[in-house]
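As structure tokens, the structure follows; a few thoughts come after it.
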Number of protein chains: 2
Amino acid sequence: MDDGLSLVFAALADPTRRAILARLAEGPAPVTELGRPFDISAQAVSKHLKVLERAGLISRSRQGQWRPCRLEAAPLERAGGWIEQYRAVWEDSLGRLEQEIDRIQGRQDHADD
Amino acid sequence: MDDGLSLVFAALADPTRRAILARLAEGPAPVTELGRPFDISAQAVSKHLKVLERAGLISRSRQGQWRPCRLEAAPLERAGGWIEQYRAVWEDSLGRLEQEIDRIQGRQDHADD
DNA sequence: TCGATACTCAACCTATTGGTTTATAAGCCG
DNA sequence: CGGCTTATAAACCAATAGGTTGAGTATCGA
């Protein structure tokens, strides 16, 4: 379970981490600020950041005594791309799945995983 | 970690389950067929399917001695929607993030999580 | 230099995950 | 009925996740 996509999805599978990413979408922030909204220790925040970093979703730099974190969107884009494969399925507004299934089956290039 | 989005992302954070979904995109299939590509027991497959079902990603019916599984795309759509929030960040092709950050900050409606 | 602040590392705890094996239920068919 | 196939349930196990506390490192500021 340590391929890139799995790491990204696993990192997203936690509300605290998703909230951290949402905060980072507004701009870089140091660890303490990222942890402020949550009722957990700074160490726990540090662990969450490590998970996000391992998934490539954030990068950390150094600025004095602070370690500002910055959102890295590339993995989100890959994850979004994987999900987009299935757009045809949920866009079938009439519930006639078969048509779209045919379309998917007709594809040559779906690297399924 | 048991809200809807977390369940969906957690379910997607496993290559076996993603491959199962990819197979199901081609149409419903019974458990044995879904497990055929993998070198794990039928019971393990059953567990994976239970995870997918709890996330709402599949539904199971009954047809004689088989339990065909069907892909349910709605949760994928919600997950995709969450990720799409960040499209502005990764679409900044010039790497000038600040502009996009300003745009995001200007939003009134970002339900962050 | 000393104290406060920001952050991380290490050890520990409990719950969950992903797999196993064994046993059980349900439906087909001879 | 009896045996085969499909599928799930339950108990178990090692590894991981998410949290804690305690200790340690690094930087600022007086």
Side-chain angles (χ1 to χ4, degrees), chain A residues 1-21 23-24 27-71 75 113, chain B residues 1-24 27-71 113:
Chain A
M1 228 247 284
D2 46 358
D3 61 298
L5 258 189
S6 296
L7 285 175
V8 174
F9 281 130
L12 296 181
D14 182 289
T16 302
R17 286 194 294 264
R18 287 199 305 279
I20 288 174
L21 291 180
R23 165 63 189 80
L24 288 177
V31 177
T32 304
E33 181 180 338
L34 290 175
R36 197 161 353 254
F38 313 108
D39 194 19
I40 57 177
S41 64
Q43 293 89 328
V45 176
S46 203
K47 278 193 179 183
H48 280 304
L49 294 176
K50 191 149 57 177
V51 172
L52 290 169
E53 188 175 35
R54 210 162 88 85
L57 285 162
I58 66 169
S59 60
R60 286 189 273 192
S61 56
R62 168 128 236 170
Q63 194 168 303
Q65 66 198 123
W66 293 277
R67 264 74 144 212
C69 300
R70 169 179 291 276
L71 179 61
D113 182 52
Chain B
M1 228 246 285
D2 45 0
D3 60 296
L5 258 188
S6 296
L7 286 175
V8 173
F9 281 131
L12 295 180
D14 182 289
T16 302
R17 286 193 292 263
R18 287 198 305 280
I20 288 175
L21 291 181
R23 166 62 190 81
L24 287 177
V31 178
T32 305
E33 180 180 338
L34 290 175
R36 196 160 357 251
F38 314 107
D39 196 18
I40 58 178
S41 64
Q43 292 89 329
V45 175
S46 203
K47 279 194 179 184
H48 280 305
L49 294 177
K50 191 149 56 176
V51 173
L52 291 170
E53 188 176 33
R54 210 161 89 85
L57 285 161
I58 65 168
S59 59
R60 287 188 271 191
S61 55
R62 170 128 236 171
Q63 194 167 304
Q65 66 199 126
W66 293 276
R67 264 74 144 209
C69 299
R70 168 179 291 275
L71 179 62
D113 179 53

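Lettering of chains follows the sequences in order, A, B, ..., and the numbering in each one begins at 1.
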Roughly how many Å is it from [atom1] in [X] to [atom2] in [N], rounded to a whole number?
| X | N | atom1 | atom2 | result |
| --- | --- | --- | --- | --- |
| B/Leu34 | D/dT5 | CG | P | 19 Å |
| B/His48 | C/dT17 | NE2 | P | 12 Å |
| B/Leu7 | C/dT17 | CG | P | 9 Å |
| A/Leu12 | D/dA17 | CG | C1' | 16 Å |
| B/Phe9 | D/dG18 | CZ | P | 14 Å |

Self-check item: Phosphate contact (C/dT8 OP1 or OP2) by A/Ser46 side-chain N/O below 4.0 Å
Solution: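 It does, given that an N or O in the side chain of A/Ser46 lies less than 4.0 Å from OP1 or OP2 of C/dT8.
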
Quiz item: Quick one: is D/dA9 close enough that its OP1 or OP2 comes under 4.0 Å of any side-chain N or O from B/Lys50?
Solution: yes

Quiz item: With A/Glu33, which residues qualify under side-chain hydrogen bond (donor to acceptor under 3.5 Å, both in side chains), at least two apart?
Solution: A/Arg23

Practice problem: Quick one: list whatever passes side-chain hydrogen bond (donor to acceptor under 3.5 Å, both in side chains) with B/Glu53, sequence neighbours left out. | Solution: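 Here the qualifying residues are B/Arg60.
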
For residues 35-51 of chain A, dump all side-chain donor-acceptor pairs below 3.5 Å to protein atoms at least two apart in sequence or in another chain.
from    : atom 1 : to      : atom 2 : distance (Å)
A/Ser41 : OG     : A/Ala44 : N      : 3.2
A/His48 : ND1    : A/Arg17 : NH1    : 3.1

Find every protein N or O atom lying less than 3.5 Å from an N or O atom of nucleotides 13-16 of chain C, and list the pairs.
none

Exercise. Among the candidates D/dA7, C/dG18, C/dC7, find the nucleotide nearest to the side-chain atoms of B/Thr32.
Key: D/dA7

Quiz item: Nucleotide by nucleotide, 5' to 3', does protein get under 4.0 Å of the base (B), only the sugar-phosphate (S), or neither (-) in nucleotides 21-30 of chain D, counting heavy atoms?
Solution: BBB--SBS--

Quiz prompt | First of A/Lys47 and A/Arg60 reached from the 5' end of DNA chain C, by closest nucleotide | solution =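 On the 5' side of the pair lies A/Arg60.
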
